[in-house]
Amino acid sequence: MTSSTLTRTPDATAPVPETGGGRRAAGFALRKLGLFVLTLWAAITLNFLLPRLMPGSPADAALAKLAQNGPVSNATKAAIEAQLGVPTGNIVEQYFAYIGQVLTLDFGVSYTFYPQTVSELVSTALPYTLVLVGVVTVVAFVIGTLLGVLAAWKRGTWLDSLPTLAGSFASAFPYFWTALLLLFFAGYVWRLFPTSGAYGPTATPNLSFEFLGDALYHAFLPALTILITSLGGWILGMRNTMISTLGDDYVTFAEANGLKPRTVALRYAARNAILPNLTSFGLALGGVVGGSILVERVFGYPGVGYLLFNAVTNQDYPLMQALFLMITVSVLVANFLVDILYGVLDPRTRR
Amino acid sequence: MTTEKTVVMMHPTRSKPLRVLAALAVVTASTMLAACSIQITSAPDPSIPDDTMLVAADNGSPLFERNFNPYMVNKRTAAFYMYEPLVILDNVTGEEHPWLATGYELPDPSTVVYEIRDGVTWSDGEPFTSADVAYSFQLLKDVPAFDIQGIWGYIESVETTETTVTVHLTAPDVPAAQLIGTTLIVPEHIWKDVDDPETYRNPDPVGTGPYTLGNFAAQQYTVDKNPDYWQADKVAAEHIILPATNTQLDVATKGYDWAYSFISDVDGTWVAAGNKNTYWFPPGGTIALFPNLTKAPFNDLNVRKGLSAALDRAAVGDAAAEGYMEPAGQTNILLPFQQDALDPSIPNAGLLEKDDATALEFFAQAGYTQQDGKLVDAGGTQLSFSITTANGYNDWLKGVQEVQKQWGALGIDVKVDSPQPAAYQLALRNGEYDFAMGGTGGTGSIFRDFNTLLSSDFLKPVGEEAGNNFERFDSPEAQAILDQYKVAIDPAEQLELGYQLQQIVYDQLPVLSLYYGGSWGLVSEAKFTGWPSEDDPYASPKTYESTPLLVLTHLKAVDDD
């Protein structure tokens with residue numbers, strides 16, 4: 001959808017904005033911005049507090065791992081703490097140091113993967129997740145929404161029941177289970193696809209066709225998993241709003257005017273019915289940054305989700321904080337943009 | 001695993017019909033799977049030649065970082081195949097193998113003289129000398145973060161000659177010689193130019209070991225045989241491949257030659273996958289219940305005896321380790337491989353049988369009797385406590401649940417507390433628990449096994465972190481024996497003192513031994529033979545630390561036979 005279509009009045013039933021709407025819109029955006037900043041601060045602060053409320057330190061987590069292999073010496077904890085650079089100072093000092101770090105985007109050194117810095121780790125993992133989860137989210141949204149339109153338009157026929165049923169069936173599986181099933185059959189039994197990694201074991205990431213092909217081949221099963229499990233939601237969401245929109249007077253009016261069915265379906269009904277799906281899409285895009293923890297874990301895919309899993313299980317505070325913050329900020333930004341977009345699309349929300 | 005919980009949280013609002021559908025789908029699919037009962041078979045990558053081993057030893061995050069600094073916790077595992085210690089101690093047999101040192105002597109209990117091996121070169125061709133050893137020790141002093149074993153807690157000063165390195169200890173301490181000898185040695189001519197060793201990732205390692213770094217990629221690296229290795233004729237594998245992700249399915253299906261991992265139903269999975277797969281699970285330590293000896297009633301020996309007599313250790317071991325591990329004797333000695341160190345006067349090799357009648361007698365002496373199926377004290381209060389174990393250690397949890405069942409049958413109210421590993425570790429160190437599941441022994445050094453378990457040196461009040469002796473066993477008698485052991489040079493005297501320590505553990509039950517913790521060695525004999533096994537237990541089958549050097553210099557290529 002282009003921006004020009006969006007700025008045109010999308011809803012035939014929506015009231016036309018009154019004069020002075022521009023100033024009101026600006027006020028609306030400012031209010032939203034203030035709320036955004038406040039939420040962000042709360043998120044950052046919670047992000048700081050939560051890990052510190054948990055009992056046991058990262059050094060304890062490391063020791064627990066070592067102790068599984070036999071007794072560790074008395075000096076070990078001190079040496080591990082020295083390696084990890086455990087935070088010093090009282091909690092207030094730590095808090096301000098942390099805020100300073102957040103503002104300068106410096107998240108320090110990871111505890112678990114010492115001596116790598118958090119930025120190093122995140123910058124290696126983020127591209128994989130953005131491409132894998134991002135592309136699949138867009139593809140799933142587009143295909144799912146179109147299928148939903150089709151299902152609603154042809155309701156009662158097999159074009160309705162097949163995608164609706166298949167969609168609800170597939171999205172009803174826990175998605176790690178779908179992942180395991182695909183991994184087991186396509187990966188191990190039929191040996192069609194690689195079972196782990198983002199590219200061949202000895203390949204070096206570059207922009208050659210050979211490498212990109214290899215990367216796509218490795219991304220296929222995780223992508224398919226996310227596609228299968230998320231498609232149903234888009235289909236059902238679109239189908240249901242579309243059906244109620246189809247009952248609206250202006251659609252009947254358009255039909256009665258003898259417009260082409262395709263025009264009625266897409267330009268009159270679908271364009272209005274898409275609003276709720278668009279909200280979910282914004283949020284889903286915000287969530288992309290967090291990766292798809294279990295899918296990445298099952299397929300050993302080196303994205304942010306896997307990194308987050310490792311960070312949480314090892315109490316790697318700096319890494320956890322950076323990742324949570326990234327997720328929070330991206331969801332907040334997506335939320336903010338959707339809010340603004342709604343304000344543009346539907347003047348009633350600005351009041 | 002924790003993963004399931006995460007999924008549930010992610011789909012908090014799922015409508016009811018969908019849930020029914022989901023349940024239906026799960027049932028159908030699992031029935032389908034069960035009906036087919038697909039057997040996974042091993043299909044090795046044909047591009048991997050016969051002189052190359054595929055080993056599951058190193059896990060990426062999931063990508064590898066090129067860190068071969070041998071003193072860092074997060075180094076690549078293969079750094080252990082590149083950097084060697086003076087002495088290798090095998091923790092299964094307790095045997096000491098002279099390595100970069102041809103041996104060591106203690107002219108007196110506070111002086112160790114290591115004889116440095118001649119004719120060893122670094123992988124860049126420079127000769128290995130006693131100066132490298134002294135430099136490595138000094139490095140651990142300059143960078144305390146590297147001194148994970150805490151050797152500078154024992155060392156006063158270091159002196160070298162052309163062929164020896166003499167370490168003067170701060171106090172008489174014979175067992176320290178072994179500990180110091182396990183330090184990995186790095187080349188002075190390279191490391192002296194490193195500006196910031198504390199964060200140095202040593203991307204191009206130069207060591208004395210059997211392997212040097214080959215190709216490095218973030219998802220897999222290889223190491224190549226060092227042609228100038230000082231025992232190159234004993235190294236059969238020309239290359240070793242180490243992938244970053246080694247799931248259990250990968251290990252079973254991709255033709256791995258060596259892995260270290262507990263795998264459920266090992267005969268039905270690993271062995272049945274083919275490729276001449278075998279396994280060996282020798283004991284790697286004792287899994288025990290640590291009572292908090294600062295608390296009543298666990299400080300009462302009769303209570304401990306009662307609890308011990310009520311334990312069916314074999315059943316606990318079976319529940320925890322699928323029957324792969326034997327029940328452990330109450331001696332802190334690993335059997336059968338450390339049989340020589342076992343006090344022959346201890347009946348039944350220290351293994352205690354379950355006997356509820358005896359248990360009740362001990363409880364009666366401690367003032368507890370059974371009433372209405374509950375074990376109560378004189379005031380009528382039921383004996384009640386919790387066992388702390390780490391969340392996610394499923395084997396331990398299953399063991400604890402079996403203990404809970406057995407003690408529960410006598411009328412004891414046992415609760416299970418399983419915090420996250422870090423919180424568990426902290427509770428153990430702080431002494432803030434009633435009973436805690438934990439590992440003991442298995443270092444290979446009889447002295448260290450008993451010292452970490454019993455020494456008063458570690459005693460700290462509850463609430464302060466103890467480095468070891470988490471149960472807070474306070475016995476001047478045991479400490480006197482340990483002090484004597486520390487200065488004993490004569491092996492016969494050491495053996496005798498070891499017997500006395502076993503007697504103390506057997507009689508006073510500072511911890512209740514349950515079963516042996518396993519070392520999970522999975523190996524394939526398709527390309528290489530001579531793996532450590534029950535018949536030839538020359539080393540632990542683990543893939544990390546220095547003992548793999550014993551294995552890597554012991555294998556034979558099948559082709560050469």
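A note on names: the letters A, B, ... follow the listed sequences, proteins ahead of strands, and every chain is numbered from 1.
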Residues 298-312 of chain A vs side chain to side chain donor-acceptor pair (under 3.5 Å), sequence neighbours excluded, gives A/R297-A/Y306
Nearest heavy-atom contact between A/Q83 and B/V73 is OE1-N, 3.2 Å
Taken to the nearest 0.5 Å, the spacing of B/T199 OG1 from A/Y114 OH works out to 6.5 Å
Indicate yes or no: at least one non-hydrogen side-chain atom of B/T247 is less than 4.5 angstrom from one of A/S196.
no
Next on the checklist: Within the 4.5 Å heavy-atom criterion, are A/F184 and B/L249 side-chain neighbours or not?
Outcome noted: yes
| said: Can you confirm whether the side chains of A/D60 and B/Y424 place a donor and an acceptor under 3.5 Å from each other? | reply: no
Ranked by heavy-atom pairs below 4.5 Å to chain A, first place among B/R201, B/Q149, B/M72 goes to B/R201
Honestly, the part of B/F146 sitting under 4.5 Å from a heavy atom of chain A is both
Ranked by heavy-atom pairs below 4.5 Å to chain A, first place among B/T245, B/I148, B/D147 goes to B/I148
Residue from B/E465, B/Q220, B/K254 scoring the most non-hydrogen pairs under 4.5 Å with chain A is B/Q220
Shortest non-hydrogen pair, A/A82 vs B/A145, comes out as CB-CB, 3.5 Å
When the 4.5 angstrom heavy-atom criterion is applied to A/E120 and chain B, the contacting part is side chain
Counting heavy-atom pairs under 4.5 Å with chain B, the top scorer among A/G200, A/A198, A/S57, A/A59 is A/A198
Applying ring pair (Phe, Tyr, Trp, His ring centres under 6.0 Å) to B/Y393 and not counting sequence neighbours gives B/W396
The interface call for B/A43 against chain A, heavy-atom contacts under 4.5 Å, is both
In terms of heavy-atom pairs under 4.5 Å with chain B, the winner among A/A61, A/G187, A/P115, A/P205 is A/P115
Applying a strict 4.5 Å limit to non-hydrogen atoms, the region of A/A203 in contact with chain B is backbone
Problem set entry | Atom CG of B/N215 with >12 non-hydrogen neighbours under 6.0 angstrom | no
Checklist entry - Under 3.5 Å, side chain of B/Q219 to main-chain N/O of A/P302, donor-acceptor pair present? => result no
Problem - Donor-acceptor pair, side chain of A/Q116 and main chain of B/E65, under 3.5 angstrom - result: no
TODO: State whether the side chain of B/N74 and the backbone N or O of A/T112 hold a donor-acceptor pair below 3.5 Å, judged by distance alone.
DONE: yes
If one checks every heavy atom of A/Y111 against chain B at 4.5 Å, the contacting part turns out to be backbone
Smallest heavy-atom separation, A/A79 atom then B/P144 atom, equals CB-O, 3.9 Å
